[in-house]
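Each remark here refers to the structure printed beneath this line.
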Amino acid sequence: MSKPRLATLWLDGCSGCHMSLLDLDERLLELATKADFVFSPLVDVKEFPRDVDIALVEGAIGTDEDREKILKVRERSRLLVAFGDCAVTGNVPAMRNPHGTCCVLARAYHETVTESPQTPTENLPRLAERVCPIHEVVAVDLVIPGCPPPADVIHEVLTELVAGRMPDPARLSRFGQ
Ligand code: SF4
């Protein structure tokens, strides 16, 4: 029987959730015997593949590019897991929402800069006016709360999912409290 195809990616976040994933250490090797990592910052594949069984997505939707990516991920994945508080609630990236994008850019690149203040624009995705959690754009099958979620929780969730079982969402929600 073929192994489940597992993908992980980050959108607008700090990559801390993926650092927690790396804290699985040798348990990642054990997982690799039960699932194929077909896309991840941990592997060298540039295009999100088709026929993904489990997609673990860190971070909120903060740019037009994030929105395009999550639509593609949703279309190509059987299960989409919102991975960490930024994906689940908007969390840190959404802290800019009450102030507005222009205000935040002005503060970061003009008001606090003494030499040649300018807002970078080249080769950068356009910031959305409002950062939102993943479920506001596409359907999410499971959430893993936490900032970041503990490695033991990630391990438990992935072990269940690659075995074809859905973890208990009520049990997971307690980790975010
Ligand atoms: Fe970083 Fe926390 Fe957001 Fe994860 S949930 S991307 S650790 S800020």
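Ligands are counted one by one from 1 in listed order, and the atoms in each one are counted from 1 as well. Side-chain atoms are counted along with the backbone in the values below, which use heavy atoms only and exclude waters and symmetry mates.
Residue M19 does not touch ligand 1, judged by heavy-atom distances below 4.0 Å.
Of the protein's heavy atoms, C17 SG, 2.4 Å lies nearest to atom 4 (Fe) of ligand 1. Given atom 1 (Fe) of ligand 1, the protein heavy atom at minimum distance is C14 SG, 2.3 Å.
The heavy atom nearest to atom 5 (S) of ligand 1, considering only V92, D85, I144, V88, is found in D85.
To the nearest 0.5 Å, the span separating OG1 on T159 from CG on L31 amounts to 5.0 Å. For the atom pair OG1 of T63 and CZ of R126, the computed distance is 9.5 Å after rounding to the nearest 0.5 Å. In this structure, the separation between CD on E30 and CG on D25 is 12.0 Å, given to the nearest 0.5 Å. The line from NZ of K69 to CG of L11 is 6.5 Å long, rounded to the nearest 0.5 Å.
Here C86 does not reach atom 1 (Fe) of ligand 1: none of its N/O/S atoms is less than 2.8 Å from the metal. Coordination check, C147 versus atom 4 (Fe) of ligand 1: failed, since every N/O/S atom of the residue sits at 2.8 Å or beyond.
A heavy-atom separation below 4.0 Å is found between G146 and ligand 1.
In the hydrophobic cluster analysis, where Ile, Leu, Val, Met, Phe, Trp and Tyr join through side-chain heavy atoms closer than 4.5 angstrom, V81 is grouped apart from W10.
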